[in-house]
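Keep in mind that this is a model prediction, so the values were computed, not measured. All values below were derived from every heavy atom in this structure, side-chain atoms included, with hydrogens, water molecules and symmetry-related copies excluded.
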Amino acid sequence: MMEEQKATPTPNPEHIAGTGKGEEKIKAEGREPGRQDTGTTGKAKRPTGKTTGRASTGVNAAKENPVDPESPHIPAP
């Protein structure tokens, strides 16, 4: 008769918790520089916002803003 093999227990857990949820970070640390809330939209009340050049870069961020303040900021892809 063959002896039944038992699985050896692993010394470490299979899964180690990683990165937390984005909404938890915002509550704990606040919004990233260069991002602003502007309210909500639609029946679902989805949040809306605007960004500045600071959201795209920390180096000479003012240069990344539109020349005309009324123009929208279109971040680089």
Side-chain angles (χ1 to χ4, degrees):
M1 267 175 112
M2 290 186 72
E3 195 174 309
E4 190 176 320
Q5 292 183 351
K6 294 183 180 179
T8 26
T10 55
N12 295 322
E14 295 291 327
H15 175 73
I16 299 173
T19 306
K21 297 177 184 174
E23 60 270 17
E24 292 171 353
K25 184 172 181 165
I26 291 172
K27 287 178 185 176
E29 299 177 17
R31 291 230 172 259
E32 294 177 75
R35 298 184 183 267
Q36 304 166 355
D37 287 331
T38 59
T40 58
T41 185
K43 291 181 183 180
K45 304 247 187 249
R46 291 186 178 92
T48 60
K50 289 187 174 187
T51 62
T52 66
R54 178 60 180 91
S56 301
T57 181
V59 179
N60 198 6
K63 182 179 175 242
E64 300 300 321
N65 288 327
V67 174
D68 180 6
E70 295 299 314
S71 296
H73 171 68
I74 303 172

Participant: Whether Arg35 and Glu32 form a salt bridge (side-chain N of Lys/Arg under 4.0 Å from carboxylate O of Asp/Glu) is what I want to check.
Facilitator: yes
Participant: If we only count heavy atoms from C-beta on, is the Thr40 to Arg46 side-chain gap below 4.5 Å?
Facilitator: no
Participant: Answer yes if the side chains of Thr48 and Thr38 hold a donor-acceptor pair under 3.5 Å, and no otherwise.
Facilitator: yes
